[in-house]
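Below is one structure; the comments refer to it alone.
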Amino acid sequence: MIAALENLSRIWGIQIKLFLLCALEEQAMVVFAKAVAADKRPFDVADYLIAECRERGEILTNLKLQKLLYYADAWNLALRDEPLFDEEFKAWVHGPVLLSQYHRFKDYRWHPITEEIEKPAIGDVLAGFLDEIIEVFGSETAVSLELMTHREAPWIEARGDTPPTEPSTATISKETMKHFYRGFAANG
């Protein structure tokens, strides 16, 4: 009987080890897929915003795109408790900036982004959420959105004592964004 139990234990031990190895490999693939998705997401969200606004008859400038990206991330933090992007926003003179997308479109300067961009397949939930962001903030001018961000705690806190017209590389806290906009959601 003991020999049978030892044999069974050895067999089960091997199966358990194989199961654990498979589970760890699967978990690593999920982590890798999330990392790849996180790297790609700012590009997909920017492309979606540009393409959707263009379909609605508006061509975005880099300044306005930056503000739409910011409000999308902020409201996703507030409502879903998770960021849209791992990348952090910087508290620049003209408001929040997502560096990957700023540098991507910086050659347009203050002019509309005219690059042909296809609307990416991002899923119905994210597309619906971004459509709401466009509905709420899309009718505002770039300068109006800039001024809005300048009156809100996340940008003010990140800049600290830096005068509003001075350059800054300060990072806007995702935690501050989440709590500030969650307060609006709770009171709205």
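Residues L69 and Y181 share a hydrophobic cluster, clusters being chains of Ile/Leu/Val/Met/Phe/Trp/Tyr side chains in contact below 4.5 Å. Note on L79 and I133: same hydrophobic cluster, where clusters join Ile, Leu, Val, Met, Phe, Trp and Tyr whose side-chain heavy atoms are under 4.5 Å apart, directly or indirectly. V97 and L65 end up in different hydrophobic clusters when Ile, Leu, Val, Met, Phe, Trp and Tyr side chains are linked at under 4.5 Å. Linking Ile, Leu, Val, Met, Phe, Trp and Tyr residues whenever their side-chain heavy atoms come within less than 4.5 Å places L77 and I122 in a single cluster. When hydrophobic clusters are built by joining Ile, Leu, Val, Met, Phe, Trp and Tyr residues whose side-chain heavy atoms come closer than 4.5 Å, directly or via intermediates, Y48 is grouped together with L126.
Between M177 and D73, the closest side-chain pair of non-hydrogen atoms falls below 4.5 Å. Using a 4.5 Å heavy-atom cutoff, the side chains of E157 and F180 are not in contact. Looking at heavy atoms from C-beta onward, Y71 lies out of side-chain contact with P96 at the 4.5 angstrom threshold. In this structure the side chain of I172 never reaches within 4.5 angstrom of the side chain of E152, judged on heavy atoms. Residues E166 and V93 have side chains not in contact (no heavy-atom distance under 4.5 Å, counting atoms from C-beta outward). A 4.5 Å side-chain heavy-atom check between L145 and Y70 finds every atom pair outside the cut-off. Y102 is listed as a side-chain neighbour of Q66, based on a closest heavy-atom distance under 4.5 Å. At least one side-chain heavy atom of F129 sits under 4.5 Å from a side-chain heavy atom of L84.
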How far apart are the C-alpha atoms of K174 and D86, what are their side-chain angles, what is the distance that settles it, and do they pass the salt bridge (Lys or Arg N to Asp or Glu O under 4.0 Å) test?
CA-CA 10 Å; K174 298 250 187 202; D86 288 336; over 6 Å; no
Checking C53 against I59 for the side-chain contact (heavy atoms from CB on, under 4.5 Å) test, could you report, in this order, the C-alpha distance in whole Å, the side-chain angles of both residues, the deciding distance, and whether it holds?
CA-CA 6 Å; C53 284; I59 298 176; over 6 Å; no
Check the pair K119, E55 against salt bridge (Lys or Arg N to Asp or Glu O under 4.0 Å), reporting the backbone distance first and the verdict last.
CA-CA 10 Å; K119 189 188 288 187; E55 284 178 15; 3.1 Å; yes
Worked verdict on Y108 versus L63 for side-chain contact (heavy atoms from CB on, under 4.5 Å)
CA-CA 10 Å; Y108 288 98; L63 179 65; over 6 Å; no
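Expressed to the nearest 0.5 Å, how far CG of L98 lies from CH2 of W92 amounts to 10.5 Å. Atom CD of E52 and atom CG of D47 lie 13.0 Å apart (nearest 0.5 Å). Q101 CD to E87 CD: the interatomic distance, rounded to the nearest 0.5 Å, is 7.0 Å. To the nearest 0.5 angstrom, L99 atom CG is 10.0 Å from K106 atom NZ.
For the residue pair W110 and T61, the shortest heavy atom distance occurs at O-CG2, 3.5 Å. Taking all atoms of both residues into account, the shortest heavy-atom contact from E58 to G138 is OE1-O, 3.2 Å. Nearest heavy-atom pair, S144 versus E140, reported as atom, atom and distance to 0.1 Å: OG-OE1, 2.8 Å. Taking each heavy atom of F137 and L68 in turn, the nearest pair found is CB-CD2, 3.7 Å. Here the shortest heavy-atom pairing between A170 and A158 reads CB-O, 3.2 Å. Closest of all the heavy-atom pairs between I117 and R104 is CD1-NH2, 4.2 Å.
Looking at K178, its side chain never comes within 3.5 Å of a backbone N or O of P83 through a donor-acceptor pair. With hydrogens and angles ignored, the 3.5 Å screen pairs no side-chain donor or acceptor of N62 with any backbone N or O of I113. Using a distance-only test at 3.5 Å, with no hydrogens or angles considered, a donor-acceptor pair links the side chain of R159 to the main chain of P163.
With hydrogens and angles left out, the side-chain atoms of E88 and T171 include no donor and acceptor closer than 3.5 Å.
A salt bridge does not link E146 with R151: every distance from a Lys NZ or Arg NE/NH1/NH2 to an Asp or Glu carboxylate oxygen is 4.0 Å or more. A salt bridge links R182 to D81: one of the charged nitrogens lies within less than 4.0 Å of a carboxylate oxygen.
Outside the 6.0 Å centre-distance limit, the rings of H94 and W155 are not counted as a close aromatic pair.
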